[in-house]
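The analysis underlying the following values was restricted to heavy atoms, covering all of them including side chains, and did not include hydrogens, waters or symmetry mates. Residues take their numbers from the sequence shown, with the count starting at 1.
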Amino acid sequence: MCRWKRFLIGMATVLVCLMVIAPQMAPAQNIDYVGSTLWTCMYDAFIVGDYAYCALHNGLVIINVSNPANPIFVSKFFFMGEVYDVYVSGSYAYIIDLANNLYIMDISDPANPTLASSFEILHVPQAVFVSGDYAYVTTRYDGLRILNVLDPSSPYIVGSCNAGGNPDVFVSGNYAYVCNNGAGLQIVNVSNPTNPWIAASYPLDHAFRLFISGNYAYVADFTNGLQIINISNPLNPTLAGNFPTTSSANCVYVSGDYAYLNESSYQFHILNIADPANPLQVGFYQFNNTTRNFVAGNYAFIPGRYEGLQILDISNPANPTIAGIYDIPGPLYGVAITDTLAYIAARQSGLFVVDVSDPSEPTVIGNCDTPDKAVSVFYAGNYVYMADSDSGLQIIDVSIPESPMIIGKYEPFGVTYDIFVVSQYAYLAGYDFGLEVIDISVPSNPAFIGSNNMLDQATGIFVSGNYAFMTDADSGLFIFDVTDPSNPAFSGSHLGDIVYPKDVFVAGDYAYVADYIHGPKIIDISDPINPLKVSEFDMHTCYCVYVSGDYAYAGGDWIDGINILNVSDPAHPAHVGKLVTDGEGYGIAVQGDYTFVANCYSLMILRYTPSGLLPCTSYIVGDVNGDETYNGLDVVYGVNFFKGGPAPPYECECILGSIWYVAGDVNGSCNFNGLDITYGVAYFKGGPDPIPCPDCPPN
């Protein structure tokens, strides 16, 4: 044991230089990310050979584009952060997110990408470019970082240059060309990566994206359009030419004699730049949504934030045409769960049916587009009832989940925001019409029964017993007696301290109201004529609320994520869990151990365990830092832990009565101690493979 202690101290010394790349871990928590699907929001794409490597908000998606008319999904890798930029070099993809991380992915097998390493880069990284053994990363606030990536599993910073806030970088020869918003184009000498320095600059109003080709820098300069800078002498850049745009130029790519320019109004310009002093437009295409562009051969690949990867045939520059699209859904707004299926309201994309029998690998099995924007969903029997904004109620037959089909509709005068179904009635809540009750006993022929137009901006509805509980965006909570569905009558209200309610859920004698401004409020409704607030929980924003058993689940924005309250005593709710998820959680449903969140970026499946103990079979051997892989970072994390540092992200009860960090056991001893550190070091030096505890092997 003494010998091991000396070894551990030695390891801490040897590994101290690696500490900077160990990601900061969250404290132990009892909410576990399980799986996700219906990813949306595509920011960037990088094309190599037959594959497109796409940066979606939730992670990396790899698409086979060998047949541009039929792009095919290959694989994905999830990150809990806003992935923003991707660059591929050799067998590795370099990915940055806005949560201050650089991820290096091994993509030697595109069907099975794996994480080689991660590195924290402060001050919000914006763009990455790889040249030779170095990765050049710009940040939003303080310039350029240069990392040695000769060994992709162990990147480290070798130099930096404070060039201001930099949205883009391109490296050519001994220079890194950096966009600096208001400071224009900065030219950084990187001949010695350990000592980069600004060699020259060229003033531009809002340099945002750039591309270097030959002796010219092509800069998308927002409202000033495309600026072409002669850099034949990098120490004395001069203006060569420009191309004005009607809106803001935000991306440019150069291939041969052509420059491909995006602008914020989603116009795509093809410019002949054979004479850089006189760029001429030869082709044009109007998209619905674009972020950037990438050109390979006869095709331009255009990521659209909510449009997916759009592939444009540019073999004839004067007449570009769409060759194919890899589609992605719009933001997700609602979710309903039954047995092993989830029904998702996906705004522009209508209804998605997802098989969630394996929550870690949810699979889309059906889709049915709706006329307008799907914002709320309710499942009953073999039907899905959809609140479809201006198109009102859409009734969809899902008896064959793979082939959902609209069979009936009802359009009120106004915008439908929410729906609740009880027996043969659908209760609609919306702007302009308030409450309408629809007879759905014949789904193919829904018929109006009754209404109450007391509310101008109804946002949510929940029906319990003889009452409909509704939220109004301008006022608060309203209660209507629907004993007679043909004549809903006002019963009572709670106003004043509910500022901007978005959703309501009723459980027992309490209504849980999602107040967008202040978080969930709990209202005693035992007397429907005189509802009274009994408690509240403060959140930055709150979009939705769902109650299951003793727990209330509240969905917020990227600051709040998902919050869980123990409401066994509604007058004194206890905050028992939180997981920060990117983007807004617009809809929540709970079934068994799983929480399904309709997020603006995906359907996210989480698992909440009130005891704080996660299932012992849900882990990767050796992954003590929770980044979903076993590498040297876990050894560093383990050393820190035994020296008094942060604990591993979760613990579990593998052997009855024995609670421990099961992922840390790599020597099969059914314990986690210093011997596992020794074993792990030996493994990374070529020793025997990790051995899990035989009593609780991972899935």
Counting N and O atoms only, with roles assigned by atom type, does the side chain of Q310 sit under 3.5 Å from a partner on the main chain of N289, one being a donor and the other an acceptor? yes
How long is the gap from OG1 on T139 to CG on L98, to the nearest 0.5 Å? 11.5 Å
Listed once per pair and sorted, the salt bridge (charged side-chain N to carboxylate O under 4.0 Å, His left out) pairs that draw on residues 69-90, sequence neighbours left out: D85-R292
Ring centres under 6.0 Å, that's the criterion: do Y53 and F46 meet it? no
Can any side-chain N or O of D97 pair as donor or acceptor with the backbone N or O of N101 at less than 3.5 Å? yes
In terms of relative ring orientation, are H206 and F208 parallel, tilted or perpendicular, with 30° and 60° separating the classes? perpendicular
Strictly under 6.0 Å, is that where the ring centroids of Y94 and F129 end up? no
Check: L56 and Y43 side chains under 4.5 Å, non-hydrogen atoms: no
Sequence neighbours excluded, which residues qualify as side-chain hydrogen bond (donor to acceptor under 3.5 Å, both in side chains) partners of N64? S66
When rounded to the nearest 0.5 angstrom, what distance separates CE in M42 from CG in N58? 12.0 Å
Give the ring-plane orientation class for Y683 versus Y630, where under 30° counts as parallel, over 60° as perpendicular and anything between as tilted. parallel
Whether D313 side chain and Y299 backbone form a donor-acceptor pair below 3.5 Å: no
Check: T581 and W558 side chains under 4.5 Å, non-hydrogen atoms: no
Side chain to side chain contact (heavy atoms under 4.5 Å, CB included) filter on V158, not counting sequence neighbours, yields Y134, I146, N148, Y156, P193, T194
Donor-acceptor pair, N262 side chain versus N250 backbone, under 3.5 Å? no
The side-chain hydrogen bond (donor to acceptor under 3.5 Å, both in side chains) partners of T595 (sequence neighbours excluded) come to none
Cation-pi, Y594 ring and R607 (6.0 angstrom, 45 degrees): no
Close side-chain approach of V354 to T37, heavy-atom, < 4.5 Å: yes
Trace of the side chain to side chain contact (heavy atoms under 4.5 Å, CB included) decision for V219 with C179: CA-CA 8 Å; V219 183; C179 286; 4.3 Å; yes
Any idea how F73 and Y326 line up, ring-wise: parallel (<30°), tilted (30 to 60°), or perpendicular (>60°)? parallel
Taken in chain and number order and not counting sequence neighbours, the residues that satisfy side chain to side chain contact (heavy atoms under 4.5 Å, CB included) with N195 are N192
Is it true that a side-chain atom of D44 and a backbone atom of V86 form a donor plus acceptor pair closer than 3.5 Å? yes
Would you please name every residue forming a side-chain hydrogen bond (donor to acceptor under 3.5 Å, both in side chains) with N631, sequence neighbours left out? none
Supply the atom-to-atom distance D358 CG to I605 CD1, rounded to the nearest 0.5 angstrom. 8.5 Å
The reported gap from CG in L309 to CD1 in I63 (rounded to nearest 0.5 angstrom) is 5.0 Å
Close aromatic pair by centroid cut-off 6.0 Å: Y253 and F211: yes
Considering non-hydrogen atoms only, spot the tightest contact between P237 and S201 and give its length. CG-O, 3.7 Å
Check for me whether the distance between the ring centres of F170 and Y177 falls short of 6.0 Å. no
With P320 via side chain to side chain contact (heavy atoms under 4.5 Å, CB included) - residues at least two apart: I270, Y285, L312, I314
Do any pairs count as a salt bridge (charged side-chain N to carboxylate O under 4.0 Å, His left out) and have a residue in residues 153-176, sequence neighbours left out, and if so which ones? D168-R209
Only pairs at least two apart or in different chains count here, so list each salt bridge (charged side-chain N to carboxylate O under 4.0 Å, His left out) that has a residue in residues 170-188. none
Distance-only, no hydrogens or angles: does the S248 side chain make a donor-acceptor pair with backbone N or O of F222 under 3.5 Å? no
Heavy atoms from other residues, nucleotides or ligands near CH2 of W39 exceed 12 (cutoff 6.0 Å): yes
Rounded to the nearest 0.5 Å, how far apart are NE2 of H269 and CD of E263? 3.5 Å
Backbone N/O of S349 and side chain of N367: donor-acceptor pair under 3.5 Å: yes
For the side chain of T291 and the backbone of P303, is there at least one donor-acceptor N/O pair under 3.5 Å apart? yes
Once you round to the nearest 0.5 Å, how far does CG of L261 lie from OH of Y218? 12.5 Å
Keeping S247 on the side-chain end and S265 on the backbone end, is there a donor-acceptor pair under 3.5 Å? yes
I'd like to know if the side chain of S75 and the backbone of P110 have a donor-acceptor N/O pair within less than 3.5 Å. yes
Given side chains that start at C-beta, do those of Y136 and L144 come closer than 4.5 Å, heavy atoms only? yes
Sequence-distant partners of Y92, ring pair (Phe, Tyr, Trp, His ring centres under 6.0 Å), two or more places apart: none
Just jot down the salt bridge (charged side-chain N to carboxylate O under 4.0 Å, His left out) partners of D557, sequence neighbours excluded, or say none. none
Parallel, tilted or perpendicular: which describes the rings of F78 and Y33, with under 30° parallel and over 60° perpendicular? parallel
Which label fits Y601 and H57: parallel for a plane angle under 30°, tilted from 30 to 60°, or perpendicular past 60°? parallel
Which residue pairs pass the salt bridge (charged side-chain N to carboxylate O under 4.0 Å, His left out) test when at least one of the two sits in residues 138-157, sequence neighbours left out? D142-R145
